[in-house]
2 protein chains.
Amino acid sequence: MTHPSDSRAYFFKIDTTIKKIRNVLQKRFNEAGFDLTVDQWVLIDHVARNEGISQNTLAELTTKDAPTVTRILDLLVKKDLVERRMSEEDRRKFNIYLKPEGQKTFETVLPVVKEIRRQGWGQLSEEDYGHFVRIMDSIYQNFSD
Amino acid sequence: MTHPSDSRAYFFKIDTTIKKIRNVLQKRFNEAGFDLTVDQWVLIDHVARNEGISQNTLAELTTKDAPTVTRILDLLVKKDLVERRMSEEDRRKFNIYLKPEGQKTFETVLPVVKEIRRQGWGQLSEEDYGHFVRIMDSIYQNFSD
DNA sequence: AAACACAAGTTGGCTTACTAACTATTGATT
DNA sequence: AATCAATAGTTAGTAAGCCAACTTGTGTTT
């Protein structure tokens, strides 16, 4: 290989790794009896940390687009985990809040997710984390022009 | 941060990076007038390098599941880029081949993809590639038990 | 005040991912 | 030879991603 970027490998490796992570997360959720998809969890996590957040902000933070957020929230509302409250200042907006069931879900699922994060990182070092962040950010940046 | 794995950041960073890559690929495809999704490209690429490959093998190589491969191939067949030929030895199997249009597509798209790979890797070094592979493989491995 | 562009969310269409259930064929077992 | 388990692929349902078009509400301009 004359230059790493000549290989298909790096796109593929990122894709494979994130798929694996998602699979493991979902499988653990199912085993633990959580009736929740990974992306539903991601929204709950952000709402828990930003009570009253708007859908647009939620979309930005999660790098999901607006229609996707709308639809995932629809599901979470149907499950009674989350509610939309009309915003006072701007009637185009909703403020999103956890309902009691949602708060409970957050508290129950969080430790499981933390454990999975630990497992995934394993024996990798602080220095590796530096490399990791630098390389990922660099790829992202190289595409942002 | 007491330990890197305590942070949500690494799942999120991988997710964000692969999304970005996919977006850029798709946008370039569209700009270049290729009527092709990224995943359709991935299958064409593998068929081009493995004429006569079976659907199952295709699924393994791409880490897609069987139904997904079936459906993407359906689309490629409809576009006349690819054909299924009944296997001689095993009548459950198909052998997948590029049609002339598909071969042309492969040759046209490949240089564009190579250029995008180069752009994404940018000034990262051979050594960085080593770190990258080691870290990704390690995460994957940590989840394979 | 009326017209305008812009912003927040929603809806619809198409694509891909995952699971489960299904058909058809093959290969092994007895 | 008949049965049975495993394999290749398909179909159906639900979830999520992307784009484009749309509705409603806001803010600015004139």
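Note on naming: letters A, B, ... go to the chains in the order of the sequence lines (proteins, then strands), and numbering restarts at 1 for each one.
- Separating the NZ atom of B:Lys19 from the P atom of D:dA16 is a distance of 12 Å, rounded to the nearest angstrom.
- Checked against C:dT10, D:dT10, D:dA8, the side chain of B:Arg92 finds its nearest nucleotide in D:dA8.
- Distances shorter than 4.0 Å separate none of the side-chain N or O atoms of B:Thr70 from OP1 or OP2 on D:dG9.
- Inspection of the A:Lys79 and A:Gln40 side chains reveals an N or O donor paired with an N or O acceptor under 3.5 Å.
- Contacts of A:Ser54 with the nucleic acid, taken as non-hydrogen atoms under 4.0 Å apart, involve only primed sugar atoms and P, OP1 or OP2.
- Residue A:Lys93 has no polar side-chain atom (N or O) positioned under 4.0 Å from OP1 or OP2 of C:dA7.
- Side-chain N/O atoms of A:Asp128 and A:Ser125 include a donor and acceptor closer than 3.5 Å.
- With D:dT26, C:dT10, D:dA16 as the choices, the nucleotide that has an atom nearest any side-chain atom of A:Arg91 turns out to be D:dT26.
- Under the 4.5 Å side-chain criterion, counting only non-hydrogen atoms from C-beta, A:Asp15 is not in contact with B:Val42.
- At D:dA16, none of the side-chain N or O atoms of A:Thr68 fall inside 4.0 Å of OP1 or OP2 (strictly under the cut-off).
- Residue B:Lys27 places its side chain closer to D:dC19 than to any other of D:dT11, D:dC19, C:dG9.
- With no hydrogens or angles considered, no side-chain donor-acceptor pair links A:Arg49 and A:His46 at under 3.5 Å.
- Within the 4.0 angstrom heavy-atom criterion, no nucleotide atom of any strand lies near A:Gln26.
- Regarding A:Asp90, its CG atom lies at a distance of 17 Å from the P atom of C:dC6, rounded to whole Å.
- Residue-level contact check: B:Asp65 touches the bases, meaning some heavy atom is under 4.0 Å from a base atom.
- In the set C:dA17, D:dA12, C:dT11, the nucleotide with an atom closest to the side chain of B:Ile72 is C:dA17.
- Comparing A:Pro67 and A:Glu89, the nucleotide of DNA chain D nearest to each residue sits closer to the 5' end for A:Pro67.
- Judged by distance alone with a 3.5 Å cut-off, no donor-acceptor contact links the side chain of A:Arg71 to the base of D:dA16.
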